[in-house]
Amino acid sequence: MTEQSALLLRKQLAELNKNPVEGFSAGLIDDDDIYKWEVVIIGPQDTLFEGGFFKAYLTFPYDYPLRPPKMKFITEIWHPNVAKNGDVCISILHEPGEDKFGYEKPEERWLPIHTVETIMISVISMLADPNSDSPANVDAAKEWREDPNGEFKRKVARCVRKSQEMAFD
Amino acid sequence: MGNCLKSPTSDDISLLHESQSDRASFGDGTDPDLEPPPPYQVKAHMPMYHPTPSQARLATQLTEEEQIRIAQRIGLIQHLPKGVYDGGQDGSEKKIRECVICMLDFVYGDPIRFLPCMHIYHMDCIDDWLMRSFTCPSCMEPVDAALLSTYETA
């Protein structure tokens, strides 16, 4: 299984290098470790995150694709579904059958056909459309629900600015 | 857990030695008075099971209920039709070239598994997944529900 996961990840990396997908870039943190990826997500247009460059790490288990990777933002990001330590909490990154809270449908959870590309598409859509029903950052969720154009918008704008400074350093 | 394997009245050393291999495979505690336990060669070959998808445990570490559920799952998986990839000549696999789990093209002669929803995968790829989640990765159809409905319509 270890061999298979490395092969599958190498194949995806080669494919993404050859045909980059709009909205994010992907590579390895260390060229010798195929299980640890670094991605940069471009804040989607017409959202509060527009203009930002958000760096995140993806850590794959050796039994990928049977189990999902973990994703952690390294760039500071204020979002209801991203914990304050950067951990991304979206249903497709949750193990199948492991529904701690009882409201995820099986099809919304991890499937072995997910790739870096499909994960990134989900994360980009999460940025555009937060889900405050299962927040990882309760404060951000509360601000977003109560006044998305107030304190929430200000905090996101600060993250976007900081991410640009980091990206162009 | 009872220690039904031990017979404390027996002083016959040869008997004790004979039961050694049995004990090791049950993971039972060994008597400190005896010679050191045999090396754990058995362990390396013992398959891992996943009572929930994120847990990996040896067969000896499963509860009785988990053992039954896993045995039932293995039985169901083994009843799913299997075959050998023949390049898609019979029509049903015509357009399917790639196993979407490992993203490798099917090669003539690869063992494949057919799910009731008609999706096909490499047998190794899908069987490992089905042990964790009994759904088709492509259409999310629960395999057991689909099995039941094929019986009903048959």
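Chain naming here is simple, since letters A, B, ... match the order of the sequence lines and numbering starts at 1 in each.
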Inset, instruction - Indicate whether the side chain of A:His94 and that of A:Arg109 have a donor and an acceptor atom separated by less than 3.5 Å. - result: no
Inset, instruction - Considering only heavy atoms, give the residues of residues 10-27 of chain A separated from chain B by less than 4.5 Å, sorted numerically, with 'none' for an empty result. - result: A:Lys11, A:Gln12
Between [X] (side chain) and [Y] (backbone), is there a donor-acceptor pair under 3.5 Å?
X	Y	answer
A:Asn81	A:Pro130	no
A:Ser5	A:Tyr62	yes
A:Asp129	A:Met126	no
A:Glu165	A:Lys162	no

Inset, instruction - Output the option from B:Val100, B:Ile126, B:Ile101 having the highest count of non-hydrogen pairs under 4.5 Å with chain A. - result: B:Ile101
Inset, instruction - Tell me whether the centres of the aromatic rings in B:Tyr85 and B:His122 are closer together than 6.0 Å. - result: no
